[in-house]
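In what follows, a structure is listed as structure tokens, so that the remarks can point back to it.
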Protein chains: 2
Amino acid sequence: MTNKPLQEERMRGYFMQATKELLKGEGLKSINVRNIAQQAGYSYATLYNYFRDVRELVFLCVNDFQEECAAEIKVKVKDTPEGTERIQAITEAYIAYFVQYPSVFNLFFIEKLGDLGQKQPAANLIYTFLNRLCEEDWEHAVWAQNIERSRADETKTALNYMACGMLVYYMNRIQPADFKEFMQIVRKQVTLVMKSLV
Amino acid sequence: MTNKPLQEERMRGYFMQATKELLKGEGLKSINVRNIAQQAGYSYATLYNYFRDVRELVFLCVNDFQEECAAEIKVKVKDTPEGTERIQAITEAYIAYFVQYPSVFNLFFIEKLGDLGQKQPAANLIYTFLNRLCEEDWEHAVWAQNIERSRADETKTALNYMACGMLVYYMNRIQPADFKEFMQIVRKQVTLVMKSLV
DNA sequence: GAATATAATTAACAATGTTAATATTAAGTA
DNA sequence: TACTTAATATTAACATTGTTAATTATATTC
């Protein structure tokens, strides 16, 4: 008695595991079908029995990285009081995560999923990620500080854009040069955006 | 009597012209040595007599695009009064330019120049572009509205990051779907950032 | 006009994504 | 158990792209 869907799921898992290992290890430049397949212990053509193409495979990893990122952040901010203060802390941790894993950043924000046909779900997943991370805290802030929801939404959006912009500059332009300085700017800018709440 | 440097400069010009035509026409996906060389009327290997590699060629176009963009913006904002109001107008026109030419956007913000060895100058050129476009107006604003310079610098930086972030989201994630709506969000967000001045 | 330097072209190679053809393994049945 | 067929995996092959080497064409100089 065989269970085909389960087996296929396992196979996909092996390839995804391999992809994630490569991404976090060697980085994006090592991502190609032959490397991935070797890391998974299969031949490169086998991959095509389980994924439409290599991009589908790579973008299926987005979910896993988000879970990992969310877990990491949860630990980091567990002692920060709920509300705007924690929104700042989460945003900073979010940025720090991507700095730690540049390939994940590229995967999330740079690689074009546009070409990826039906993968708009992945785009939404990415677009809403920071907001989901901060959801409770926004609720709390709106309630506790009596903030207008439309105002909160604008600030939320601003935070989202700002975080992305800072990451793009830091990652692609090496600007500023060092991480510590970068995180200081991040803190300043996040504070500045949060000020628009009141 | 020949003038080698002049001739070489001309050759470089032909290839750069071809590259720019392709970028603005077919887009980034059509950029490869064979296409560029054909568009320039030469063989693909000839390119390597004038540029280290294809990326050097492409990034040499950054300058030209910036000039074009600056000229376009100048026309657009010529009736807007100097100062913060024009900073907003310039920022919006800057964003609109990149939406109009997605390949230029990719070239400026997405393509990694990191690998490009000694091309940090290009990175700086890009990083400072919006600030240079608004330079006079910032001077005017600081002077006319008696704004602290450190405060102005923070807002300037925020605007820079914000513009980049909005573009990344709109370009890569198709979010929001339509240009008009996007530009409304842009206006709102720019206004929000500019409020941090006072 | 022959010899040489310069520049451009074609040929060739390596890396990568993808598909087609082949081989291998597993499942089902007499 | 042995044979047939379906499934899965592998190797071979092809297309695209960047790059370099070998070759050909052009221009310069004596």
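Within every chain, numbering begins at 1; the chains are lettered A, B, ... in the order of the sequence lines, protein sequences first and strands thereafter.
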Is there a side-chain contact between [X] and [Y] (heavy atoms, below 4.5 Å)?
{"X": "B/Tyr50", "Y": "B/Leu57", "answer": "no"}
{"X": "A/Ile36", "Y": "A/Tyr44", "answer": "no"}
{"X": "A/Glu139", "Y": "A/Glu136", "answer": "no"}

Requested in this report: Return yes when atom CD of A/Glu26 has more than 12 non-hydrogen atoms of other residues, nucleotides or ligands closer than 6.0 Å, and no otherwise.
Outcome: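 Count not over threshold, so no.
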Could you check how far [atom1] of [X] sits from [atom2] of [N], rounded to whole Å?
{"X": "B/Leu57", "N": "D/dG18", "atom1": "CG", "atom2": "P", "answer": "11 Å"}
{"X": "B/Lys29", "N": "D/dA15", "atom1": "NZ", "atom2": "C1'", "answer": "19 Å"}
{"X": "B/Asn35", "N": "D/dG18", "atom1": "CG", "atom2": "C1'", "answer": "13 Å"}
{"X": "A/Arg12", "N": "D/dA9", "atom1": "CZ", "atom2": "P", "answer": "12 Å"}
{"X": "A/Gln7", "N": "C/dA26", "atom1": "CD", "atom2": "P", "answer": "10 Å"}
{"X": "A/Asp53", "N": "C/dG17", "atom1": "CG", "atom2": "P", "answer": "10 Å"}
{"X": "A/Arg10", "N": "D/dT8", "atom1": "CZ", "atom2": "C1'", "answer": "16 Å"}
{"X": "B/Phe51", "N": "D/dG18", "atom1": "CZ", "atom2": "C1'", "answer": "16 Å"}

Query raised in the report: Do the side-chain N or O atoms of B/Asn49 get closer than 4.0 angstrom to the phosphate oxygens (OP1, OP2) of C/dA7?
Result: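 Checking C/dA7 against B/Asn49, no side-chain N or O comes under 4.0 Å of OP1 or OP2.
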Requested in this report: Determine: side-chain N/O of A/Thr46 to OP1/OP2 of D/dT10, distance under 4.0 Å, yes or no.
Outcome: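 Yes, A/Thr46 has a side-chain N/O under 4.0 Å of OP1/OP2 on D/dT10.
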Query raised in the report: Does the base of C/dA11 carry an N or O that pairs as donor and acceptor with the side chain of B/Tyr44 under 3.5 Å?
Result: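 Yes, a donor-acceptor pair under 3.5 Å.
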Which nucleotide, [options], lies nearest any side-chain atom of [X]?
{"X": "A/Arg34", "options": "C/dT9, C/dT18, D/dT17", "value": "C/dT18"}
{"X": "A/Met11", "options": "D/dT19, D/dA9, D/dA13", "value": "D/dA9"}
{"X": "A/Ala45", "options": "D/dA13, C/dA8, C/dA20", "value": "C/dA20"}

Would you classify [X] as touching base, sugar-phosphate or nothing, given that sugar-phosphate means primed atoms plus P, OP1 and OP2, and contacts are heavy atoms under 4.0 Å?
{"X": "B/Tyr50", "result": "sugar-phosphate"}
{"X": "B/Ile31", "result": "sugar-phosphate"}
{"X": "A/Val33", "result": "base"}

**Report entry** Residues B/Asp53 and B/Arg55 bridged, charged N to O under 4.0 Å
**Finding:**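 Here B/Asp53 pairs with B/Arg55 in a salt bridge, since their nearest N and O are under 4.0 Å apart.
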